[in-house]
Amino acid sequence: MTSVLIVEPVSSGNELVVRAAAMGWNTVVASFDAEDRTLTAATRDLASTIIQVDTNDAHAIVEAVNRSPAGAGLDGVVAGSEFHVEIAALVAEKLGLPGLPTTAVALVRNKAEMRAALQRAGVRSPRHRKVASRAEAELACAALTFPVVVKPVESASSIHVSKARDTAEAVRAYAAIEADGMVDLGRPLGDEVVIEEYVSGDEYSADGYVWRGDVRIAAVTRKLLGPEPTFVELGHITPAPLGPSDQGAIERYVGQVVRAVGLDDSVFHCEVRLSPNGPVLMEIAARLPGDQIVHLVADVTGVSMADAALLMAVDANPDTCLDEQAASGRAAGIRFVDPGSITAYAQIEGWDDVPRYADVVERKVLVPAGEQIPSAYEALRRVAYVRYRASDPDTALAINERLGRELRPVAAYLP
């Protein structure tokens with residue numbers, strides 16, 4: 001029986017557990033299993049074995065695996081979250097199992113190193129500077145053209161990513177990151193930041209995998225963002241409503257990016273903007289896409305990104321992850337409900353009307369009515385979502401825009 005270790009499944013990483021169990025694999029989950037690394041009930045039910053350990057410590061994971069009877073006969077290791085891609089690679093290396101080279105992991109986890117790798121390879125990328133102090137932020141701004149974007153080098157979910165129109169705004173954005181004591185999945189935010197020139201244009205994600213040097217893009221998805229200066233993702237459309245020329249340009253460019261950062265035998269989630277001069281990388285990650293995109297891709301193409309990640313983790317050809325019978329529509333989308341500035345809501349206007357004009361696959365409330373909306377970060381404040389199918393990408397986009405207009409949380413006032 002194939003046996004895989006899944007390190008800290010979070011968000012779409014839980015789909016790895018679902019798919020490994022569905023394939024009949026011995027599914028070993030390593031998790032801190034507390035605080036914001038607490039396992040879901042579904043993952044507890046599906047996992048063959050749960051090893052509780054500090055998943056931010058590769059040495060501790062290796063020791064715990066070696067002590068556990070479930071650690072015998074492991075065939076591979078796969079990361080269940082963005083923050084554990086590097087940890088999973090280190091664990092695989094220490095256990096003598098297949099895994100991503102740590103050199104490539106460093107380039108996809110650190111946004112400044114990612115930019116530098118593209119420049120070395122001659123791949124289009126905005127000018128940037130890595131900074132670790134307010135003084136360095138000022139110097140970086142003097143060398144760049146405004147507007148710029150300020151972002152932590154190793155964070156996720158667009159947290160603290162913001163557009164700045166001048167040096168004062170950029171320094172304030174850096175200072176907010178520096179002062180923030182946020183701990184995400186047991187990891188501090190840190191004060192290293194990349195400041196890069198702003199790229200205009202619609203944003204897309206390309207999701208796929210690279211196997212033995214062959215880059216295979218499963219789908220290109222249109223990303224619908226909230227108002228700047230932040231970049232909160234409010235919706236996604238798969239496949240993106242693109243013409244053949246733009247589609248081809250994105251696919252060719254993503255292939256260049258994947259090779260520039262040295263990814264191989266890995267899934268990837270690559271975000272680009274289609275500028276007037278062509279696609280430009282926002283970031284690339286060696287993990288499954290979040291925001292239910294993994295399900296949008298499967299619904300439209302039949303490609304299970306989770307299956308691909310699992311197969312490559314055990315050094316198996318991922319091409320068997322394609323199940324054309326699983327494809328259930330020509331287009332799919334998801335729309336998140338943004339509460340704006342309110343701290344709690346009584347109801348979501350339009351919620352019950354959605355099935356009248358959309359082929360709903362799933363409607364889910366993330367923050368129940370009457371409860372405090374917990375996070376100060378805009379990217380984590382979304383209170384619900386609707387996932388749906390459509391006859392074509394343009395129709396999917398129209399439905400997404402309608403959902404954005406009509407789903408309105410009504411403010412509630414908590415005592």
To the nearest 0.5 Å, how far apart are [atom1] in [X] and [atom2] in [Y]?
{"X": "Ile177", "Y": "Ile159", "atom1": "CD1", "atom2": "CD1", "answer": "11.0 Å"}
{"X": "Ile399", "Y": "Ile334", "atom1": "CD1", "atom2": "CD1", "answer": "13.5 Å"}
{"X": "Asn110", "Y": "Glu86", "atom1": "CG", "atom2": "CD", "answer": "9.5 Å"}
{"X": "Asp166", "Y": "Cys141", "atom1": "CG", "atom2": "SG", "answer": "8.5 Å"}
{"X": "Leu90", "Y": "Leu95", "atom1": "CG", "atom2": "CG", "answer": "11.0 Å"}

Inset, instruction - List the steps and the verdict of side-chain contact (heavy atoms from CB on, under 4.5 Å) for Glu113 and Lys130. - result: CA-CA 9 Å; Glu113 297 301 324; Lys130 182 171 73 172; 3.7 Å; yes
Inset, instruction - Using only heavy-atom distances, determine whether the side chains of Asp33 and Thr38 contain a donor-acceptor pair under 3.5 Å. - result: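 No, no side-chain donor-acceptor contact under 3.5 Å.
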Side-chain heavy atoms of [X] within contact of [Y], under 4.5 Å:
{"X": "Tyr385", "Y": "Gln292", "result": "yes"}
{"X": "Met114", "Y": "Ile284", "result": "yes"}
{"X": "Tyr253", "Y": "Val123", "result": "yes"}

With a cut-off of under 6.0 Å to the ring centre and 45° to the axis, is [X] in cation-pi contact with [Y]?
{"X": "Lys163", "Y": "Tyr198", "answer": "yes"}
{"X": "Arg402", "Y": "Tyr357", "answer": "yes"}
{"X": "Arg216", "Y": "Tyr209", "answer": "no"}

Search all heavy atoms of [X] against all heavy atoms of [Y] and return the closest pair with its distance.
{"X": "Ala89", "Y": "Thr102", "value": "CB-CG2, 4.4 Å"}
{"X": "Ala117", "Y": "Ala260", "value": "CB-O, 3.9 Å"}
{"X": "Asp264", "Y": "Leu100", "value": "O-CD2, 3.5 Å"}
{"X": "Phe146", "Y": "Thr167", "value": "CZ-N, 3.2 Å"}
{"X": "Arg212", "Y": "Asp315", "value": "NH2-OD1, 3.1 Å"}
{"X": "Ala313", "Y": "Val77", "value": "CB-O, 3.6 Å"}

Given 3.5 Å as the limit, does a donor-acceptor pair link the side chain of [X] with the main chain of [Y], or not?
{"X": "Asp202", "Y": "Arg222", "answer": "no"}
{"X": "Arg109", "Y": "Val153", "answer": "no"}
{"X": "Arg273", "Y": "Val199", "answer": "yes"}
{"X": "Ser48", "Y": "Thr27", "answer": "yes"}
{"X": "Asp265", "Y": "Met312", "answer": "no"}
{"X": "Tyr413", "Y": "Tyr345", "answer": "no"}
{"X": "Asp184", "Y": "Arg187", "answer": "no"}
{"X": "Ser12", "Y": "Pro289", "answer": "yes"}
{"X": "Arg115", "Y": "Glu283", "answer": "no"}
{"X": "Asp338", "Y": "Arg382", "answer": "no"}

Inset, instruction - Could you walk me through whether Val28 and Ile6 pass side-chain contact (heavy atoms from CB on, under 4.5 Å), step by step? - result: CA-CA 6 Å; Val28 183; Ile6 301 172; over 6 Å; no
Show me the donor-acceptor pairs, under 3.5 Å and distance only, between side chains in residues 234-247 and residues at least two apart or in other chains.
{"from": "His236", "atom 1": "NE2", "to": "Asp291", "atom 2": "OD2", "distance (Å)": "2.9"}
{"from": "Thr238", "atom 1": "OG1", "to": "Thr221", "atom 2": "OG1", "distance (Å)": "2.7"}
{"from": "Gln247", "atom 1": "NE2", "to": "Glu251", "atom 2": "OE2", "distance (Å)": "2.9"}

Inset, instruction - With side chain to side chain donor-acceptor pair (under 3.5 Å) as the test, would you mind laying out the steps for Thr55 and Arg37 before giving the verdict? - result: CA-CA 9 Å; Thr55 46; Arg37 286 181 278 171; 3.1 Å; yes
Inset, instruction - Check whether more than 12 heavy atoms from other residues, nucleotides or ligands sit under 6.0 Å from atom NZ of Lys94, and answer yes or no. - result: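 Open.
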Inset, instruction - May I ask you to check whether over 12 heavy atoms, not counting those of Arg127, lie within 6.0 Å of atom CZ? - result: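 Counting other residues, nucleotides and ligands, CZ of Arg127 exceeds 12 neighbours.
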Inset, instruction - Decide yes or no on side chain to side chain donor-acceptor pair (under 3.5 Å) for Thr2 and Asp75, but give the supporting numbers first. - result: CA-CA 6 Å; Thr2 302; Asp75 297 295; 4.7 Å; no
Inset, instruction - For Ser31 and Glu8, run side chain to side chain donor-acceptor pair (under 3.5 Å): C-alpha distance rounded to whole Å, both residues' side-chain angles, the deciding distance at 0.1 Å, then the answer. - result: CA-CA 5 Å; Ser31 175; Glu8 205 63 82; 2.7 Å; yes
Inset, instruction - Test Glu154 against Lys111 for salt bridge (charged side-chain N to carboxylate O under 4.0 Å, His left out), laying out the working first. - result: CA-CA 7 Å; Glu154 292 189 352; Lys111 295 176 178 63; over 6 Å; no
Inset, instruction - Not counting sequence neighbours, which residues clear ring-ring contact (aromatic ring centres under 6.0 Å, His included) with Tyr174? List them please. - result: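 Expected list: none.
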Legend entry - side-chain contact (heavy atoms from CB on, under 4.5 Å) assessment of Val220 paired with Ser205: CA-CA 6 Å; Val220 175; Ser205 65; over 6 Å; no
Inset, instruction - Evaluate the criterion side chain to side chain donor-acceptor pair (under 3.5 Å) for residue pair Glu82 and His84; output intermediate values, then yes/no. - result: CA-CA 6 Å; Glu82 166 77 17; His84 293 89; over 6 Å; no
Legend entry - Stepwise salt bridge (charged side-chain N to carboxylate O under 4.0 Å, His left out) check, Arg387 with Glu362: CA-CA 5 Å; Arg387 185 160 63 89; Glu362 181 186 23; 3.5 Å; yes
Inset, instruction - Kindly indicate, with the supporting measurements, whether the criterion salt bridge (charged side-chain N to carboxylate O under 4.0 Å, His left out) is fulfilled by Arg19 and Asp307. - result: CA-CA 6 Å; Arg19 295 305 305 159; Asp307 285 10; 2.8 Å; yes
Inset, instruction - Go through the steps to decide whether Arg134 and Glu178 satisfy the test salt bridge (charged side-chain N to carboxylate O under 4.0 Å, His left out), and finish with yes or no. - result: CA-CA 9 Å; Arg134 299 185 196 191; Glu178 184 183 45; 2.9 Å; yes
Legend entry - Matching residue for Arg363 among Val337, Val386, Ile348 - test: side chain to side chain contact (heavy atoms under 4.5 Å, CB included):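 Result for side chain to side chain contact (heavy atoms under 4.5 Å, CB included) with Arg363: Val386.
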Inset, instruction - Walk me through it: do Ile373 and Thr343 pass the test side-chain contact (heavy atoms from CB on, under 4.5 Å)? - result: CA-CA 5 Å; Ile373 298 172; Thr343 57; 5.6 Å; no
